[in-house]
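Some notes on the structure that comes next.
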Amino acid sequence: MTEAPSVRGAEVGRRIGVGLMYGLWKPRVLGAWKVPASGPVILAVNHAHNIDGPMVMGVAPRPSHFLIKKEAFIGPLDPFLLSIGQLKVDRSVADRTAITRALGVLDNGGVLGIFPEGSRGEGDFASLRAGLAYFAVRSGAPIVPVAVLGSSEKSSRLTKGLPPLRSRVDVVFGDPFEAGDGSGRRTRKALDEATIRIQKQLTAHLEDARRLTGRRENAGRPTGH
């Protein structure tokens with residue numbers, strides 16, 4: 001039996017994230033109340049910058065467990081990320097351990113964080129992997145779209161690859177929605193249909209978030225890899 005990641009560890013991670021994110025930047029959080037107060041939920045986050053995950057982890061109203069590529073678990077980060085309840089995933093294979101642990105988070109009524117684009121890019125939800133649909137349909141958990149805007153607009157002069165210190169980063173939580181069609185089917189066709197449904201919802205949320213924050217231009221321009 002694969003052990004589910006620690007909720008207590010994720011809460012510690014959330015507190016660390018709060019201190020770091022508010023200490024280094026100026027997060028403006030909108031719609032956090034839309035995240036269900038209890039029960040399983042999936043946060044689907046656009047990914048334009050490396051700070052997007054820690055930012056959402058810090059400002060989300062509940063402790064969260066993010067699926068993070070194994071390449072990020074290097075040196076002292078490996079035991080640290082595991083201790084704060086984060087999930088290591090090998091994206092080159094169907095990582096059964098990561099899948100089981102992620103489903104365990106949802107089975108336990110927890111919050112699973114996913115970057116549905118798979119890797120850092122435009123941050124515009126244009127290319128979704130099937131993993132998000134699988135977790136949503138398999139668990140029945142609602143998806144809350146999350147748009148992080150401003151993290152990739154420009155880089156700090158002091159630290160390349162990071163937004164300027166004390167710059168504003170907007171985090172906009174959207175309305176929860178169900179990915180499945182209500183039938184409970186998990187066929188390839190059902191997952192493909194769910195992925196299309198999810199993409200429309202996430203893209204619409206991103207547009208709403210850009211309109212709400214006034215960040216119409218360069219909202220998802222990558223800073224490079």
Looking at side-chain heavy atoms only, is the closest gap between [X] and [Y] below 4.5 Å?
| X | Y | value |
| --- | --- | --- |
| Val12 | Ser6 | no |
| Ile99 | Arg96 | yes |
| Leu20 | Pro54 | no |
| Leu206 | Leu149 | yes |
| Arg91 | Glu71 | yes |
| Arg101 | Val105 | no |

Quick check on the hydrophobic clustering: are [X] and [Y] connected, directly or via other members, by side-chain heavy-atom contacts under 4.5 Å?
| X | Y | value |
| --- | --- | --- |
| Val45 | Val172 | no |
| Val7 | Ile16 | no |
| Leu191 | Ile196 | no |

In a table with atom names and distances, give each donor-acceptor pair under 3.5 Å that connects a side chain of residues 72-84 to protein atoms at least two apart or in another chain.
| from | atom 1 | to | atom 2 | distance (Å) |
| --- | --- | --- | --- | --- |
| Asp78 | OD1 | Lys88 | NZ | 3.3 |
| Ser83 | OG | Pro79 | O | 3.4 |
| Ser83 | OG | Phe80 | O | 2.7 |

Over 12 non-hydrogen atoms of neighbours within 6.0 angstrom of NZ in Lys70 = no
Should we count CZ of Arg28 as having more than 12 external heavy atoms under 6.0 Å?
-> yes
Roughly how far, to the nearest 0.5 Å, is NE2 of His65 from CG of Leu43?
-> 11.0 Å
Straight-line distance of Leu202 CG to Ile143 CD1, nearest 0.5 Å | 6.5 Å
Looking only at heavy atoms, which two atoms of [X] and [Y] are closest? And how far apart?
| X | Y | result |
| --- | --- | --- |
| Leu212 | Leu30 | CD2-CD1, 3.9 Å |
| Val41 | Leu106 | O-CD2, 3.6 Å |
| Ser64 | Ala10 | O-CB, 3.7 Å |
| Gly53 | Phe115 | CA-CZ, 3.5 Å |
| Thr213 | Arg168 | O-NH2, 3.8 Å |
| Pro164 | Ser167 | O-OG, 2.6 Å |

Please step through side chain to side chain contact (heavy atoms under 4.5 Å, CB included) for the pair Arg197 and Glu193, ending with a clear verdict.
-> CA-CA 6 Å; Arg197 206 173 292 120; Glu193 289 171 356; 4.0 Å; yes
Only one of Val89, Leu67, Leu87 passes side-chain contact (heavy atoms from CB on, under 4.5 Å) with Asp95, and that residue is Val89
Donor-acceptor pair, Asp181 side chain versus Ala194 backbone, under 3.5 Å?
-> no
Please answer whether the main-chain N or O of Trp25 pairs with a side-chain N or O of Arg166 as donor and acceptor at a distance below 3.5 Å.
-> yes
